[in-house]
Amino acid sequence: MNAIIFSAIMGVVMMFSGILLQKKSAVTTTAIVSLLLLLSMNLLDSYSVFSINVNTHGLLHFNKFGLFFNSILIAATLIFAVLCGSEIEKTGVNVADYYALIFFVLCGTSILTSFNGLLMLFLGIEIMSIPLYILTGAEKRNLKSNEASLKYFLMGAFSTGLLLMGIALIYGATGSFALKVSTTMAASAGVLSTSFLQIAGLILLFVSMCFKVSAAPFHFWTPDVYDGAPSVFTSFMATVVKAAGFFAFLNLFESNSAILGPSWKILLSFVIVATLLVGNITAVFQQSIKRMLAYSSISQAGFMLFALYSNNDMAKEGILLYAVAYCLATIGFFAILIKVKDYTFDGFNGLAKTQPVMAFTGVVFLMSLAGIPLTAGFFAKYYMLASVVKSGGSLWIVVVAVLFAAVSVYYYFKVIQSMYFKEGTPEVAAISPNFKTGLLLVAAAVILVGVLPSIVLNWFYF
Amino acid sequence: MSIIQILFSFLTVLALFGAIMVLVSKNPVHSVLWLITVFFAISGHYILLNAQFLAIVNLIVYAGAIMVLFLFVIMLMNLNAESEPRKHLWMKFAGVISGGCFLMVLVSLIRQTVELTGKTVLMKEGNIGLIKNLGKALFSDYVVPFELSSVLFLSAMVGAVVIGKKD
Amino acid sequence: MPIQYYIYFCLALFSIGIIGVLTRRNAIIVFMCIELMLNAVNLLLVAFSKMHYGAALAANPNTTAGIDGQLFVFFIMVVAAAEVSVGLAIIVMMYRNTHSVDINFLNRLKN
Amino acid sequence: MNKIVFLVPLFPLLGFLINGLGRKSLSKSAIGIIGSGVILLSFLTSCYLFSIVASAGEGQLQTVVTLFNFISVDAFTIPFAFQVDQLSVLFLLIITGIGFLIHLYSSAYMKEEETQHFGRYFAYLNLFVFSMLLLVMGANYVIMFIGWEGVGLCSYLLIGYWFKNNDFNYAAKKAFIMNRIGDLGFLLAVFWLLFKLGTVNYGDVFSQVASLSTFDIAAITTLLFIGAMGKSAQIPLYTWLPDAMAGPTPVSALIHAATMVTAGIYMIARSNILFTMAPTTQTLIAIIGLATAIFAATIALKQNDIKKVLAYSTVSQLGYMFLGLGVGSYTGAVFHVMTHAFFKALLFLGAGSVIHAMHHEQDIRKMGNLKKYMPITHITFLLACLAIAGIPPFSGFFSKDEILAAAFTKNPLYYYIGVGGALMTAFYMFRLYALTFLGKFRGTHDQEHHLHESPSAMTIPLIVLAVLSVFGGFIGIPEVFAENKNWLEHFLSPIFAESTKLVTTEHLSHSQEYMMMGIVTVLIAVVIFIAVSKFKKYAGEQEEVETGVGKLLENKWYIDELYNSIVVNPINAFAGFCKNFIEKSGIDGAVNGVGKLVSYSSRQLRLIQSGQVASYLLIMILSIVVFFIIWFNDITIMKFLNKLF
Amino acid sequence: MIALLLILTPLVAGFCSFAMKQGSTAKNFSLLVSIVTLAIALLAIGSPAGGSFDTAWLTDLGSRFTLKMDGMGKMLCLLTAVSYPLIFAAVYKSDYKNPGSFFGLMLLTQAGLMGVFLAADALLFYFFWELALIPVYFLCSLWGGEKRIAVTFKFFVYTFIGSLLMLVGILYVYFHTADHSFAMQSFYKAQLSDHQQSYMFWLFFVAFAIKMPIFPLHTWQPDAYEQAPTATTMVLSGVMVKMGVFAVFRWLLPIFPNAASSNSMIIIILSVTGMLYASLIAIKQDDIKRMIAYSSIAHIGLMCAAMFTNNKAAFDGVMIQMFNHGVNVIGLWIIADLIEKQLGTRKLSDLGGLAQKAPALAILLVIMALANVALPLTNAFIGEFLMFSGLFQYNMFIAAIAGISIILAAVYTLNMVQKVIYGNLNAVTENATDISFNVKLVLVIIALVIIVFGVFPQPMIDLTKTSVEALFVKK
């Protein structure tokens with residue numbers, strides 16, 4: 001409960017900090033300190049040292065997995081704030097409000113990592129989404145940002161409608177919004193006699209969750225929104241928010257997938273293949289790196305969906321690792337991207353010459369995203385694939401995934417090619433040494449996790 | 001045919017008709033008005049179901065506050081019938097077809113749902129929809145989501161300020 | 001009243017909302033259609049709530065079964081209100097910049 | 001004896017190394033002395049070995065000497081071992097003896113070369129002899145194969161010795177590749193032996209022959225024979241040998257007389273037991289041999305290049321040897337190898353002498369009357385011609401007679417055709433002789449002015465070889481002349497003992513044999529007379545335009561062209577097709593096609609991302625519908641998927 | 001511990017080298033390091049235990065950092081260790097921009113290669129397999145020829161697809177090991193039905209086949225060889241392709257013995273087709289580098305075919321051929337590079353008469369060429385002889401058809417020799433000079449290796465005897 005309470009409080013604090021503090025950088029500092037506080041609170045909670053307990057009447061359920069996942073998300077936000085804080089300051093005048101909204105998003109993610117019923121799921125998603133609509137439109141004068149915001153909003157609201165219809169149908173079938181009850185009922189009733197109503201509800205739920213994690217064919221908002229949103233917030237959206245969505249997805253279908261019977265795997269494999277296909281193939285032709293990253297985030301989602309597919313312990317560990325790897329690499333790379341004026345591939349030409357540190361760390365991040373061994377991304381993908389193999393059967397989908405992973409190398413390495421093998425003078429914003437250090441640290445973390453993934457996982461079991 | 005059935009049928013037809021009119025009205029203001037009609041019809045349904053609290057909230061919040069907000073915005077923008085160019089015909093067609101398909105699929109699913117046969121909705125009676133009971137539940141079992149929805153409003157407020165404020 | 005009637009009705013309303021979203025170009029109308037969808041869900045939830053209540057009532061006259069459905073509707077309304085405030089703000093912002101609320105013109109971002 | 005055996009190949013190897021590495025620092029004479037000296041030492045060692053072998057009684061000879069294990073794997077062990085017995089020691093003498101003479105001759109013949117190239121030349125020659133010695137001395141087929149390929153290499157190097165001339169290089173390459181074709185056959189035979197017997201040591205193979213099936217033996221022998229075809233220039237792999245004339249003349253002598261081409265005969269004689277047990281192969285050998293003998297002889301009739309004539313005569317004579325092998329007269333074949341070595345070396349060295357004198361003019365139409373200027377060359381050349389033509393009592397007579405006699409007992413037809421070939425041999429040899437040495441000189445005045453007898457380093461080998469050509473035949477006197485005086489047959493009998501046991505040879509009656517010899521000799525004499533009288537008068541004023549058969553023969557039956565059009569060109573075309581089409585458009589095209597497909601589908605797929613919210617939502621709704629349909633039909637889909645994967 | 005040193009030395013040195021700005025420092029340093037590595041490798045081969053290393057790593061996953069040096073590993077480590085000093089010495093006079101990075105990446109590649117040959121843990125193996133690739137990607141893309149970026153990328157993606165498929169296979173086998181471990185021995189004992197084996201077999205094989213490369217997965221190779229900087233090409237063709245061959249021995253045959261034997265015919269036919277096909281194309285090549293590339297494909301094809309014969313002699317042959325082909329082909333590349341650097345052309349038709357200007361080069365080229373055609377008493381003969389003998393026992397007709405490549409090899413190799421060194425000088429070759437001392441030294445060493453191991457191959461055969469023993473499946 002610590003995280004939910006403190007993130008809400010910090011959000012309010014940030015709102016006021018905007019009034020109290022004159023300098024934008026002071027706001028950022030406040031935010032970073034607040035995040036640190038939030039992180040430590042959450043960690044204290046997860047080790048049961050200090051936790052505020054509120055009787056939630058079974059609506060929220062705090063377990064180690066969720067808390068740890070939440071810590072990862074908060075830590076990712078912290079890294080995000082440290083690396084991109086200066087850019088947030090440049091986005092608009094309401095810096096404090098942006099941070100406040102980020103904290104509210106974190107409140108939403110905290111709910112999503114601990115929800116124990118469809119009501120809290122719904123609330124969590126909404127608390128998470130509504131600030132995001134705003135953040136997407138943060139550049140008010142930028143038509144793209146406006147457009148992205150409106151698109152995101154309309155489609156998000158639409159998917160909320162689907163989600164609610166799903167919830168309603170499930171409620172009709174089970175008479176409860178709890179996750180557990182529906183399973184027990186299903187179990188006692190036996191899979192065969194599962195209500196069609198519930199199945200319809202679950203499918204709608206599935207669809208709206210697919211929408212949230214931008215799985216094809218419900219991914220359409222992703223490229224446009226990621227592209228249109230201010231890059232800083234894209235970075236945040238693509239990592240923290242998406243990871244939280246995945247956690248919710250996983251949590252939601254961990255027990256419910258059985259109800260759908262064999263069609264569950266068919267549906268899921270359909271979605272996975274479609275996601276990998278759309279994400280990877282479409283990314284190939286992109287001219288803008290930012291948009292390419294948007295598509296690549298779709299393809300990464302395809303990989304993360306394997307956790308649902310296999311639905312075992314390994315998948316849980318995997319999704320943790322994936323969240324870490326993906327957040328680190330994406331936040332890192334976006335931090336680099338933001339500094340470059342021109343988001344096209346040509347804009348990166350020759351970056352290695354002018355900004356060796358940025359280029360090198362960029363390579364590390366891209367390799368991690370591509371899943372090259374000894375980067376965190378490898379183990380992330382490894383766990384995903386391994387969990388599917390472990391669950392037995394359906395090796396074909398692993399092979400398909402692997403082939404698409406090879407396609408992904410194409411567009412990730414295209415960036416490397418631009419940076420290292422092509423001549424050019426990229427326009428880069430002023431880089432502070434701290435920023436470089438930060439990048440190097442993140443890159444080091446990527447490699448460290450890549451060499452010893454158990455670092456992350458041992459914390460989990462600790 | 002009992003009075004409830006008659007009322008039910010009337011409200012249903014009214015709601016559906018209103019909904020369709022929302023769709024087909026060229027003038028946005030008309031759409032809003034038709035939507036308010038729909039909301040009233042739905043509130044009528046709530047009353048039929050003895051969900052008094054929701055009926056009132058629906059009228060006050062939806063029909064009253066939200067739709068007025070809509071109206072204001074539409075007025076503010078000075079939108080009228082001609083301001084919205086027609087959509088491509090095929091897009092309309094596709095929209096209607098796919099919406100219809102969606103409906104058909106779900107309806108056919110419901111028709112096959114065996115355990116719903118014989119289940120009825122308790123009309124008029126039942127006190128769970130009363131404010132007293134709902135309030136009790138809201139402030140005991142559902143206090144956490146209730147409080148959390150304040151975060152939602154807070155963020156919506158911050159958002160509206162951020163978006164709406166002139167730089 | 002058989003529950004199917006309510007389900008059919010709500011689904012119909014929901015689908016009309018969907019069709020509206022798909023066919024209208026005015027962002028405000030689209031948004032209104034989404035509200036229509038939400039209302040359909042609301043009514044369905046209340047109907048289900050009463051259905052479960054009716055079923056439980058036979059066994060226990062003091063039951064509160066089904067109350068959660070109505071509370072859920074309450075929360076949906078809350079969220080819808082919040083969404084409307086944000087959504088209309090976004091639409092207004094859009095209108096300020098482009099003087100249009102036509103979603104067909106939202107195509108700077110594509111491919 | 002053990003250690004001494006190794007000295008034989010070691011000397012040439014040392015010579016190769018010294019000359020090869022020191023070719024820039026050593027003087028020409030030093031190179032010459034080293035080059036020839038090592039062969040002489042080898043020869044002397046061989047003589048010593050010969051004396052041991054000759055004096056050893058039956059069963060006393062410990063023939064196999066192992067140096068080390070060359071390859072030892074689980075399935076088999078191939079020792080680096082030498083076998084010194086009657087057969088190999090005989091060949092050792094031929095190789096080192098004649099080799100030495102040729103080296104000696106070369107040291108004078110090649111005097112004009114730059115020191116560096118002179119050294120290179122001798123290095124190659126030494127290596128050639130070394131390879132040949134390995135081939136002959138090896139105690140198993142693998143060691144033989146080492147030498148087998150080694151001589152191929154050396155011939156390549158020596159034929160292409162004048163590497164500036166690309167025609168020579170082509171000839172060298174051709175020789176190597178043709179040899180390789182044969183080598184493949186040889187190699188396959190070795191694998192077959194390894195497969196079936198697990199050993200390639202002669203002793204083990206020959207003692208286990210009985211365990212091989214008839215098919216195995218037939219296949220192995222055929223493959224071995226294919227190897228021999230390549231090395232010994234039999235139809236259809238003979239075309240490299242005439243082209244090999246591109247090398248310096250002493251090299252031709254070395255290839256044709258002492259080394260390389262005799263390898264095939266040696267190999268078959270060595271494996272005689274295998275061949276004896278494969279009558280089909282033997283027939284094949286006989287037919288191929290005979291065909292080659294005739295075929296090459298016909299071509300030789302019309303050649304005008306002095307070395308070409310000799311080259312085709314070699315091919316033809318090799319054909320006789322194979323005929324001998326094919327009809328089971330192994331001794332006869334070996335005997336002919338030996339006598340042929342004498343007179344063919346003599347002929348080539350003589351030709352070299354002529355060419356040397358004529359300043360590298362090789363066209364016999366531009367020679368004539370050389371007897372006046374080069375008496376020693378003339379006499380020795382004449383003796384060699386008589387020997388090759390088979391005039392008694394010159395050496396060629398005895399050896400050829402032995403083969404023909406054996407052929408007669410096998411099948412008289414062989415004999416008649418063989419005699420026909422012999423007549424042609426006589427004709428073209430004396431055509432050559434007449435055109436070269438008789439008549440009047442047809443060269444330029446400048447050439448005439450410089451005509452001279454060759455230096456003694458060249459003439460001494462000629463004389464020695466002439467003596468051998470004349471008297472060499474007496475070591476294998478047929479029984480008709482002297483009962484049990486055939487020393488060679490006696491000497492080699494341990495080698496062919498097993499084969500002899502297997503087949504009972506009928507002997508011709510003495511009277512029949514006398515008659516045949518007589519008739520043949522007379523016929524040959526007549527042919528010689530005709531040839532000499534016809535070509536003595538040749539003036540060469542007008543170019544004869546050949547027609548019909550003559551043209552066919554002059555162009556060597558267009559065999560090269562035939563090979564080009566049915567083998568070389570199709571392969572080339574196919575290779576081009578592979579390179580330009582299959583590789584580029586086919587395989588690489590497919591690979592790149594996948595890449596293109598990806599980027600194409602990328603271009604298409606991104607169009608779905610139209611930017612229109614409504615179309616996005618439309619697709620979403622349709623997908624939901626699809627999902628429901630999938631759910632309705634999950635069983636069917638599962639079945640389908642299971643079938644698919 | 002020695003085994004670990006073999007990886008660590010080049011790894012650490014590689015990172016150090018990045019810091020070196022001065023070209024000569026980097027050169028000398030890396031040459032020195034490579035010689036040190038060679039010394040370590042020789043030490044390792046000399047030590048009877050061979051040197052194993054084992055430490056905990058990724059224990060949660062069932063993987064350990066296990067290095068094992070058996071005969072086969074020794075052979076390939078030796079190859080890697082030998083080739084690097086040769087390569088570095090050969091390119092000693094060449095100038096590279098950013099020499100520190102260049103040599104650093106080269107050394108990192110070496111570390112990766114060593115790792116591949118030493119890893120006794122499947123996951124570790126996979127890591128090194130990929131890690132050997134990454135530096136090469138940069139090497140080729142940064143220092144390569146004109147079309148380097150596209151070509152290298154093709155190469156990279158190609159191999160990456162292969163290795164990912166292998167990863168799937170590794171995972172699958174892992175979950176079928178009794179003790180859920182990636183250790184080699186556990187993999188060998190994995191319980192797989194024939195059906196499973198045949199699927200997994202192909203997943204592994206494709207990875208290895210791409211690396212080797214086997215027809216028709218070979219098209220990345222000529223392009224990559226052509227475009228890569230020659231030093232890298234040498235590593236690629238000399239050592240890296242052996243990764244595939246090695247991996248078949250180490251990971252494919254022992255894990256999937258049944259699948260290997262049931263699929264052997266297909267693979268052997270593919271390999272033999274590839275041999276002939278590549279030889280034919282090599283005949284038509286006018287580009288010396290492409291010719292060597294195709295010739296290499298042909299040679300590897302034979303090795304691949306021999307590996308699936310389940311014949312000890314053939315296995316022996318492959319083992320020593322791995323080493324010998326590596327050394328020989330490096331020699332050929334050095335010469336090709338020399339010609340290109342000095343004369344500015346790789347076209348055979350532009351060359352000629354170099355024997356007059358560069359006799360030492362000519363002699364050495366002839367020796368390399370003879371090794372390329374596997375003439376007896378060169379090292380390549382031993383391997384080819386054994387492999388062919390094994391192939392012959394597997395199937396005579398296939399062996400006979402494969403044998404045609406011996407002839408074709410002679411055709412293209414001699415063609416190259418003739419066009420390069422024989423004939424008359426022309427405008428291009430007129431100003432050629434003979435090879436410099438460092439190159440001569442390297443080539444002489446290679447020539448000595450060719451001849452010495454051609455005459456005394458037994459020590460090499462004995463080195464891998466136990467490995468072969470272990471590989472052989474009794475029917």
Side-chain angles (χ1 to χ4, degrees), chain A residues 117-120 122-123 125-127 129-131 133-134 136-137 140-178 197 200 223-229 282 285-287 291 294, chain C residues 3 6-7 10-11 14 17-18 21-22 27 30-31 33-38 40-49 51-53 55-56 65-66 68-69 71-73 75-76 78-80 82-87 89-91 93-98 101 103 105-111:
Chain A
L118 298 175
L119 175 59
M120 293 314 286
F122 167 62
L123 272 182
I125 285 180
E126 286 305 313
I127 294 178
S129 302
I130 286 180
Y133 302 147
I134 315 293
T136 308
K140 278 186 278 182
R141 297 265 167 246
N142 184 343
L143 286 178
K144 278 190 171 184
S145 176
N146 291 175
E147 181 184 331
S149 176
L150 185 54
K151 272 184 179 169
Y152 193 13
F153 170 74
L154 286 177
M155 297 182 77
F158 183 80
S159 90
T160 305
L162 292 177
L163 174 80
L164 289 171
M165 182 48 102
I167 291 174
L169 292 176
I170 291 172
Y171 178 70
T174 65
S176 159
F177 294 109
L197 213 55
D224 292 1
V225 171
Y226 283 12
D227 191 9
T282 320
F285 202 73
Q286 296 305 319
Q287 304 302 313
R291 206 169 167 83
Chain C
I3 184 70
Y6 275 101
I7 300 178
C10 292
L11 284 177
F14 192 79
I18 288 177
V21 171
L22 295 182
V30 169
F31 191 25
C33 289
I34 292 171
E35 292 299 328
L36 196 59
M37 287 162 68
L38 294 187
V41 173
N42 285 351
L43 183 57
L44 188 59
L45 275 168
V46 175
F48 278 136
S49 139
M51 180 187 89
H52 292 304
Y53 176 73
D68 45 358
L71 279 169
F72 204 109
V73 174
F75 283 111
I76 292 177
V78 167
V79 168
E83 251 182 16
V84 167
S85 66
V86 170
I90 291 172
I91 290 172
M93 172 179 73
M94 187 78 198
Y95 184 78
R96 267 196 218 152
N97 286 330
T98 62
V101 285
I103 56 167
F105 292 154
L106 298 179
N107 54 6
R108 276 168 210 86
L109 298 164
K110 65 174 176 187
N111 295 336

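Everything numeric in this text was worked out from a predicted model, so none of it was measured. We name chains A, B, ... by the order of the sequence lines, and we start the count at 1 in each one.
- Among the candidates A:Asp227, A:Ile167, A:Leu162, A:Leu119, the residue making the largest number of heavy-atom pairs closer than 4.5 Å to chain C is A:Leu119.
- Checked against the 6.0 Å centroid threshold, A:Tyr171 and C:Phe72 do not count as a close aromatic pair.
- Taking all atoms of both residues into account, the shortest heavy-atom contact from C:Leu44 to A:Ala168 is CD2-CB, 4.0 Å.
- Chain C forms the most heavy-atom pairs under 4.5 Å with one residue out of A:Met165, A:Lys151, A:Lys144, and that residue is A:Met165.
- Looking at every heavy atom in both residues, C:Ala82 comes nearest to A:Ile130 through CB-CD1, 4.1 Å.
- Taking CG from A:Leu169 and SG from C:Cys10, the interatomic distance works out to 9.5 Å, rounded to the nearest 0.5 Å.
- Partner A:Leu150 forms a side-chain contact (heavy atoms from CB on, under 4.5 Å) with one of C:Val101, C:Thr98, C:Ile91 and no other, that one being C:Ile91.
- For the atom pair CD of A:Glu126 and CD of C:Glu83, the computed distance is 4.5 Å after rounding to the nearest 0.5 Å.
- Proximity to chain C (any heavy atom under 4.5 Å) is shown, for A:Phe285, by neither the backbone nor the side chain.
- For C:Tyr95, the ring pair (Phe, Tyr, Trp, His ring centres under 6.0 Å) criterion is met by C:His99, not counting sequence neighbours.
- When every heavy atom of C:Met51 is checked against every heavy atom of A:Gly172, the shortest pair comes out as CE-O, 3.5 Å.
- Only the side chain of C:Phe14 comes within less than 4.5 Å of a heavy atom in chain A; its backbone stays farther off.
- By the 4.5 Å heavy-atom criterion applied to side chains, A:Phe177 and C:Leu45 are counted as neighbours.
- With values rounded to the nearest 0.5 angstrom, C:Ile76 atom CD1 is found 4.5 Å from A:Leu164 atom CG.
- For the pair A:Asn142/C:Asn97, no side-chain contact is recorded, criterion being any heavy-atom separation below 4.5 Å from C-beta on.
- Legend: residues meeting side chain to side chain contact (heavy atoms under 4.5 Å, CB included) with A:Thr282, ordered by chain and number and at least two apart, are A:Val278, A:Gln286, A:Tyr295, D:Leu605, D:Arg606.
- Ranking C:Gly69, C:Ala40, C:Cys33, C:Ala56 against chain A, the residue ahead of the rest is C:Gly69, based on heavy-atom pairs under 4.5 Å.
- The backbone N or O of A:Ser176 sits nowhere less than 3.5 Å from a side-chain atom of C:Asp68 that would complete a donor-acceptor pair.
- Looking only at heavy-atom pairs under 4.5 Å with chain A, the residue among C:Arg96, C:Glu35, C:His52 that has the most is C:His52.
- Atoms NZ and CE, on A:Lys140 and C:Met94 in that order, are 15.0 Å from each other to the nearest 0.5 Å.
- Separating the CG atom in A:Leu154 from the CD1 atom in C:Ile90 is a distance of 8.5 Å, to the nearest 0.5 Å.
- Of the listed residues (A:Phe122, A:Tyr133, A:Phe153), the greatest number of heavy-atom pairs within a distance under 4.5 Å of chain C belongs to A:Phe153.
- Interface residue C:Met37: only side-chain heavy atoms are found under 4.5 Å from chain A.
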